[in-house]
Amino acid sequence: MQTKYIFVTGGVTSSLGKGIFSASLGRLLSDRGLDVTIQKFDPYINVDPGTMNPYEHGEVYVTNDGAETDLDLGHYERFLDQPTSQANNVTTGRVYMEVISKEREGAYLGKTVQVVPHIIDEIKHWMLKLGETEDYDVVITEIGGTVGDIEGQPYLEAIRQLRNELGPRNTMIAHLTLIPYLRAAGELKTKPTQHSVKELLAHGLQPDTIVCRSERSITAEVRRKISLFCNVEEEAVIQMLDAESIYEVPLLLRDEGIGELVVDRFYPERGDDGRCSDTPDLSNWIGFLKRLKNPEETIPIALVGKYVEHQDAYKSITESFILAGVPDEVQVKVKYVPSEALSPDNVESQLGDVAGILVAPGFGDRGVEGKILAAQHAREQDVPFFGICLGLQCAIIEFARHVCGWDGAHSTEFDEETAYPVIDLMEEQKEISDKGGTMRLGQYDCRLQEDSHAHGVYGAERVQERHRHRYEVNNVLRYKLLEEGMCFSGVNPDTDLVEIMELPDKRWFLGVQFHPEYRTTVGNPHPLFRSFVRACTSYAHEEGLATSPQPPERKAVPLASVDM
Ligand code: GLN
């Protein structure tokens, strides 16, 4: 069966939500029984976002196979409940790197290597790659940036060529644009959309559907105008209104008929082979959404981190909190606490009113002492504590300093001279690190100790989790922490490196060297997040910290089709 390709482009401005649109469309199609994957092409020169500052680009999302990718892949996995891989995120930097290394190997047989055809061919190769595995009926490809950007042009040319080669039955172009509302005129304006469609046409691309982002419902008149001036049928003008929650978007789009638009084009004879059902079965999604929108109570949890001012920097963690609370009808209100500003004088006022503390991952020494202080506060006051990656490392440093009495204990990432390097590079890594450094990336095994808290939470002996770090718990000094009551409940069976630590005499005190936030999906919130949120909820009840549910921060037009 021929794989079908949907290309998603954006016009007018960035940040229109192409990622959420792609994830939602993917979900609508997979709920009709189709196998779908989503990939993102980013037109920047970085080979991957691994080295980019989270302020610049938001969180770096890590896949099972260890690719450092764009945070939109997190949305794809959470919405589709399916893992992605390196092949799902390609940048201009990677494309050029491949072409240049082929050129060095002499693969182009002495030809002049050019944007057309070599770069375009390489882009096309990556666009088709996942489709060629025959694992997918539909591949959705999101193109980063905005139509009209210089760096996006090769991608539009690649789509134009593929469209010709594969034909309109097998390809579709969805163009997202903004329909601004001018308050003074009291009108929705279509001109920016017309211009951005002209820009696409100049590259030889006629969109098949125009998805209008707008804060107000678009009128029949506006639909007619867009249809007339942008050469699409009226039914193909889809509105995507601002929603209270991103998880409402699949339903908003279903009501607009985008699913029919796609399957009528790709599978006009559907039903004959039972491959694609006539309607999506969204019952699970609707059940989830009802619980999400009708929580029983709200509990405050602190997220202590370096980049808290940037809302996208901890995207997977905040989504993991939301999704972990839903099955228990608990709404988590994240209190963002900048670790740099935490000091012994204000720790009580900053962290005294929360039902749990999560210390975030991070690199570099800014704010590390604040994270160590947060771990100390949690341990001493017995507040539920969850440390992720650097968060685990800080909990261990704190324990070494204040329980083992090892003054100045530290990670050699921050203090190379410390007498107690409880967090350190492994010998093998030290050698590699001299040559430019490398990280432990992607999925590794973790064996769980029987009778430990972690074992109970997972209900398994062995699990696999995703990593992104250089430093490890120092196995030479581990004995002392163990003697003082710390439990290393998860270790890597091949290397004996620590994966999970816990303090069994506390109500919930656990740190993980890996990143559970990358494995949370709508259908499967991560068990550690679920257990942590539950512990925080009981603590909130004891301490009187739970409140009645708070109205959503974003006000939007209510969902019409589902009674919430
Ligand atoms: N900086 C630490 C390390 O490299 C922690 C990394 C992280 O939190 N992801 O080991």
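This is a predicted model, so every value here is computed, not measured. For the single chain, residues carry numbers from 1 onward in sequence order.
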Does the ring-ring contact (aromatic ring centres under 6.0 Å, His included) test come out yes or no for Phe514 and His469, once each step is laid out?
CA-CA 8 Å; Phe514 49 80; His469 61 107; 9.4 Å; no

Walk me through it: do Gln82 and Glu77 pass the test side chain to side chain contact (heavy atoms under 4.5 Å, CB included)?
CA-CA 5 Å; Gln82 253 188 38; Glu77 289 204 10; over 6 Å; no

List the steps and the verdict of salt bridge (Lys or Arg N to Asp or Glu O under 4.0 Å) for Asp72 and Lys40.
CA-CA 8 Å; Asp72 272 337; Lys40 170 123 194 234; 3.1 Å; yes

Show, in sequence, the C-alpha distance, side-chain angles and deciding distance for Thr318 and Ile322, and conclude whether the side chain to side chain contact (heavy atoms under 4.5 Å, CB included) test is met.
CA-CA 6 Å; Thr318 46; Ile322 295 173; 5.5 Å; no

Pair Gln550, Lys333 - check side chain to side chain contact (heavy atoms under 4.5 Å, CB included), show working.
CA-CA 9 Å; Gln550 299 179 1; Lys333 170 97 186 116; 3.2 Å; yes

Could you check Thr9 against Tyr155 for side chain to side chain donor-acceptor pair (under 3.5 Å), going step by step and ending with a plain yes or no?
CA-CA 10 Å; Thr9 57; Tyr155 295 92; over 6 Å; no

Full working for side chain to side chain contact (heavy atoms under 4.5 Å, CB included) between Asn284 and Ile286:
CA-CA 6 Å; Asn284 285 343; Ile286 291 172; over 6 Å; no

Hey, mind stepping through Arg470 and Glu413 against salt bridge (Lys or Arg N to Asp or Glu O under 4.0 Å) and telling me if it holds?
CA-CA 9 Å; Arg470 275 192 193 91; Glu413 181 178 3; over 6 Å; no

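Between Arg401 and Glu369, at least one side-chain N (NZ, or NE/NH1/NH2) sits under 4.0 Å from a carboxylate O, which counts as a salt bridge. The pair Lys306-Glu340 does not meet the salt-bridge criterion, since no charged nitrogen lies less than 4.0 angstrom from a carboxylate oxygen. For the pair Glu499 and Arg447, the salt-bridge criterion is not met [side-chain N within less than 4.0 Å of a carboxylate O]. Salt-bridge annotation for Arg379 and Glu398: present, with a side-chain N of the basic residue lying under 4.0 Å from a carboxylate O of the acidic one.
Every residue was checked against the salt bridge (charged side-chain N to carboxylate O under 4.0 Å, His left out) condition with Asp365, not counting sequence neighbours, and none meets it. Partners of Asp48 under the side-chain contact (heavy atoms from CB on, under 4.5 Å) rule, at least two apart in sequence or in another chain, are Glu68, Arg94. For Glu296, the side-chain contact (heavy atoms from CB on, under 4.5 Å) partners at least two apart in sequence or on another chain are Glu329. Ser316 meets the side-chain contact (heavy atoms from CB on, under 4.5 Å) test with Glu59, Tyr61, Arg78, Glu517, Tyr518; sequence neighbours excluded. For Gln443, the side-chain contact (heavy atoms from CB on, under 4.5 Å) criterion is met by Asn64, Gln464, not counting sequence neighbours.
Of the options Val326, Leu323, Leu289, a side chain to side chain contact (heavy atoms under 4.5 Å, CB included) to Val522 is made by Leu323 and by none of the others.
Thr69 has its side chain out of reach of Asn88: every pair of non-hydrogen atoms, C-beta onward, lies at least 4.5 Å apart. Here the side chains of Val60 and Leu71 are not in contact, with every heavy-atom distance at 4.5 Å or above. In this structure the side chain of Lys293 never reaches within 4.5 angstrom of the side chain of Ser245, judged on heavy atoms. Side-chain contact check for Ile140 versus Thr37: every heavy-atom pair is 4.5 Å or farther apart. By the 4.5 Å heavy-atom criterion applied to side chains, Asn53 and Tyr307 are counted as neighbours. Within the 4.5 Å cutoff, the side chain of Phe21 has heavy atoms near those of the Leu253 side chain. Taking 4.5 Å as the limit, some side-chain heavy atom of Phe41 sits within range of a side-chain heavy atom of Gln39.
Judged by the 6.0 Å distance and 45° axis criteria, Arg291 is not positioned over the aromatic ring of Phe288. Cation-pi geometry between Arg478 and Phe488 is met: under 6.0 angstrom from the ring centre, within 45 degrees of the axis.
A side-chain donor from one of Glu502 and Ser489 sits under 3.5 Å from a side-chain acceptor of the other. Judged purely by distance below 3.5 Å, without hydrogens or angles, the side chains of Asn46 and His57 never pair a donor atom with an acceptor atom. Under 3.5 Å, the side chains of Thr495 and Asn492 contain a donor-acceptor pair of N or O atoms. Donor-acceptor pairing under 3.5 Å is lacking for the side chains of Thr537 and Asp328. Remark: the Thr91 side chain and the Asp42 side chain contain no N/O donor-acceptor pair separated by less than 3.5 Å.
Between Pro525 and Ala324, the shortest heavy-atom distance links the atoms CB-CA, 3.9 Å. The minimum heavy-atom distance linking Val337 with Gln350 is given by the pair CG1-OE1, 3.7 Å.
For Glu483, the CD atom is densely surrounded, since the number of other residues' heavy atoms within 6.0 Å is greater than 12.
In this structure, the ring of Tyr247 has its center less than 6.0 angstrom from the ring center of Phe79. Ring centroids of His453 and Tyr458 are separated by 6.0 Å or more, keeping the two rings apart.
Classified by interplanar angle (parallel below 30°, tilted 30° to 60°, perpendicular above 60°), the ring pair Trp508/Phe386 is perpendicular.
Residues in residues 321-352 take part in these ring-ring contact (aromatic ring centres under 6.0 Å, His included) pairs, two or more places apart or across chains: Phe321-Phe529.
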